[in-house]
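A quick write-up on the structure given underneath.
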2 protein chains.
Amino acid sequence: MATKVTITDVARRAGVSRQTVSNVLNSPELVREETRDRVREAIGTLGYRASQAARQMRTGRSRLIATRIEPDRDGINGSVLDRFLHGLTASAARAGYRILLYAAGDERSEIDTFDDLVGSHEPDAFVLTSTYHGDGRPAWLRERRLPFVTFGRPWGDTGEPDASGDPGHPWVDVDGAAGTAAATRHLLDAGHRRIGFLGWPPGSGVGDDRRSGWARTLTGAGIDPAGLDQATDDGVADGEKAARDLLRAERPITALVCASDSLALGALHAVRSLTASGQLTASGRLTAEGRLTVGGQAGGEEGLPVRVIGFDDTPVAKAVGLSSVSQPLAEAAAGCVGLLTRLFDPPSPGGPGESGGPGGPGGPGGPFASEAGGPRTHVLLQPSLVLRQSS
Amino acid sequence: MATKVTITDVARRAGVSRQTVSNVLNSPELVREETRDRVREAIGTLGYRASQAARQMRTGRSRLIATRIEPDRDGINGSVLDRFLHGLTASAARAGYRILLYAAGDERSEIDTFDDLVGSHEPDAFVLTSTYHGDGRPAWLRERRLPFVTFGRPWGDTGEPDASGDPGHPWVDVDGAAGTAAATRHLLDAGHRRIGFLGWPPGSGVGDDRRSGWARTLTGAGIDPAGLDQATDDGVADGEKAARDLLRAERPITALVCASDSLALGALHAVRSLTASGQLTASGRLTAEGRLTVGGQAGGEEGLPVRVIGFDDTPVAKAVGLSSVSQPLAEAAAGCVGLLTRLFDPPSPGGPGESGGPGGPGGPGGPFASEAGGPRTHVLLQPSLVLRQSS
DNA sequence: CTGTTAGCGCCTTCAG
DNA sequence: CTGAAGGCGCTAACAG
């Protein structure tokens, strides 16, 4: 049973003082190479590891990043945050940090947990997920000058990023609008014109963002999106119901972009069941093969199979052959860790641009001065479209 | 900006020595009530929190429990471990512990991580998930007398718990066989006789366990399970294929118990597509309503709709109306934390029985002596059957 | 019951 | 470049 090996043991073994060992660890350039190697060898053979607790007492840094684990959401989309969390754990480890988990039901209890954690385990930073309108967490953390990043833009009251005078904080996000735009474009390219959108009620930043990409693309192609979308709560049953309405509307859709895989799965059900029962709509007809024939409509969309595209590329999408917009979650996690470490160890000033990141250009980079002294950096990542049988 | 408040500040505020404050925190019974209240009030108004780092240096305990976050598995079952992890985080917090996360690809890297963690953040314990045949992690930890619990029985080489002389360690598990048995019984009660099983290739402890509950129940009802099951890799497509075989076999099944929701989802697809196309089998016929009419077979099963039951009660099961066996994951997590804290703070000896737990009787409680001195305790939880449209 | 003493392992001065 | 002090905040032993 190897009793705890300390820095003193290493020093003795290497024939140097404890400080030299410490220097080898923290400022190697101060130590002569020969000595350094000797110390490192001693560290290796003894299996020495610096005690975090002792180090933290001295430096005030815990090398811990705290984040919340969310309870299983109703839907199918829960896996998104899990994948993010896995990426975060891996990225953090690479940067020498560990993830500390906490659970919290609502904002109040989450902030209480912040308070608790800050006093006890003293994480070096927080990563916030699932940001929302009027999110009180960033303000609380900023007031106390606690480093943090959000995965998700700060959604202002208008649904636009930074629209409400938010002084800003580092964030990473995925460009949802670009994702739905790509999906819509793909369907346009396949000859579809009446491309619907199945989303959530207005007011959720993420949902509005995703809808906007669809609407923008349709408009750009000279198609009026009015009447082609439905808003509903997230869920398979809700999605199925809303999709039915769209498929049997006066101007029936022939393809559908959805704000989530749950909705898309519901839509798929709707398509299949309408297909199976050979139902008619006011101006369209679903054939046995899932092809929708739109009577008397102009354009080349006659006989095209009804297409559905989801969002998040969850395991279910893969399982049922649903095309979906995929978020680069590992990259997002890496981005969070990157922004955080940049806060801790500021890069040499005057370096390369500090906005933007891999996979896409940065955001607008507004001129807000950061009174907290932290650089207002952010990373906006581009999603990708994963095509399967459903489109 | 509230600068770090220390135990000295509290002592001064309360007019006592630092030691007294410490006593109020750790051994309140040693302090006169009046003093205690005064100190507590000072703690409250000052917002004092004991520094974990300092405490850890003194006590050697970090109040951290390390566990692994698994990468997204292929399937749909990933959510199981996430729900467990959430429960673990919540239970640990209630007991005054936090969860420290790590990621690891294989056993080798996981053990390297153990080593790293033990030397740096020094978690008080580990929780191991996804145990498997020949799992090398428990032995590694036990050799070093590091406290740990596994979620999952130690599967011996024969597939039976503790069959290979494993000296034992604390574990929590869910009785999978009881779950499939309940599912099978439910189908028997509904009049089914040819109840199939869709599982994984033999050799996986969990899979064999689940199959055994089905086989046992069928045998108990006087039905020979031979030829009524299929083994395949986990996955919707694999499940669909295997289910087709079963539905069109010489002795076609009329109901199906599955080892996972992925397989069950595939089976559901198979049932629906066979139903839709009105396919015939050697001795059965699927009607349009998904009813299987078995020609010339004895028993009351004619005209019964084909039933499918999954395992794990994942969000997808809920979404598509699939009946499924549900594991009590929050309880399992609580059980892990309970076993761990029992290790740290042993209950008064001669207390109540130390085996078994809520929801079910304990395991066999073999007579192995534990050379490490730790009590070999375990908790076997009972799953429940969640019925939906599919059964 | 309360106060004093000592030191956990490390890193940051400051001298050599 | 290397060695000698000092102390981060806390608690386990003792002394009063």
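Below, chain A is the first sequence line, B the second, and so on; all start at residue 1.
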query = Under 4.0 angstrom, heavy atoms only, what part of the nucleic acid is B:T20 near: base, sugar-phosphate, or nothing?
reply = sugar-phosphate
Gap between atoms CZ and C1', on A:R38 and D:dT2 respectively (whole Å) = 11 Å
request  = Take the protein atom CD of B:Q52 and the nucleotide atom C1' of D:dC8, then report the distance between them rounded to whole Å.
outcome  = 15 Å
query = Listed by chain and number, what are the side chain to side chain donor-acceptor pair (under 3.5 Å) partners of B:T8, not counting sequence neighbours?
reply = B:T6
request  = For B:L30 and D:dA12, give me the distance from atom CG to atom P, rounded to whole Å.
outcome  = 11 Å
message = Can you list everything that forms a salt bridge (charged side-chain N to carboxylate O under 4.0 Å, His left out) with A:D173? Sequence neighbours excluded, please.
response = A:R153
key: Residues that A:R58 engages under salt bridge (charged side-chain N to carboxylate O under 4.0 Å, His left out), provided they are two or more places apart   = none
message = With no hydrogens and no angle check, just 3.5 Å: does a side-chain donor-acceptor pair link B:H169 and B:T150?
response = yes
remark   = Contacts of A:F84 meeting ring pair (Phe, Tyr, Trp, His ring centres under 6.0 Å) (sequence neighbours excluded), chain-then-number -> A:F151
task = Using five base pairs at each end, measure the axis-to-axis angle across the helix from C:dC1-D:dG16 to C:dG16-D:dC1 and round it to 10 degrees.
result = 40°
query = Of all residues at least two apart in sequence or in a different chain, which pass the side-chain contact (heavy atoms from CB on, under 4.5 Å) check with B:D37?
reply = B:E33
message = Expected output is a numbered-order residue list: members of residues 112-123 of chain A with a heavy atom under 4.0 Å from any atom of DNA chain D. What is it?
response = none
Contacts of type side chain to side chain donor-acceptor pair (under 3.5 Å), residue A:S91, not counting sequence neighbours = none
inquiry  = Walk along nucleotides 6-16 of chain C from 5' to 3' and tag each nucleotide B, S or - by protein heavy-atom contact under 4.0 Å, base first, then sugar-phosphate.
reply    = BBBBBBB----
message = Test of understanding: with side chain to side chain donor-acceptor pair (under 3.5 Å), list the residues that count as partners of A:T129, not counting sequence neighbours.
response = A:E70
inquiry  = Below the 4.0 Å mark, does C:dT2 have OP1 or OP2 next to a side-chain nitrogen or oxygen of B:T35?
reply    = yes
query = To the nearest 0.5 Å, how far apart are CG in A:L340 and OG1 in A:T377?
reply = 9.5 Å
key: For B:T89, side chain to side chain donor-acceptor pair (under 3.5 Å) partners two or more places apart   = none
note = B:Q56 atom CD is separated from D:dA12 atom C1', nearest whole Å, by 17 Å
ask   = Can you list every pair that meets side chain to side chain donor-acceptor pair (under 3.5 Å) and has a residue in residues 92-120 of chain A, with sequence neighbours left out?
value = A:R61-A:Y97, A:R68-A:E110, A:R98-B:D116, A:Y102-A:E110, A:D106-A:S109, A:E107-A:Y132, A:R108-A:D112, A:E110-A:R137, A:D116-B:R49, A:D116-B:R98
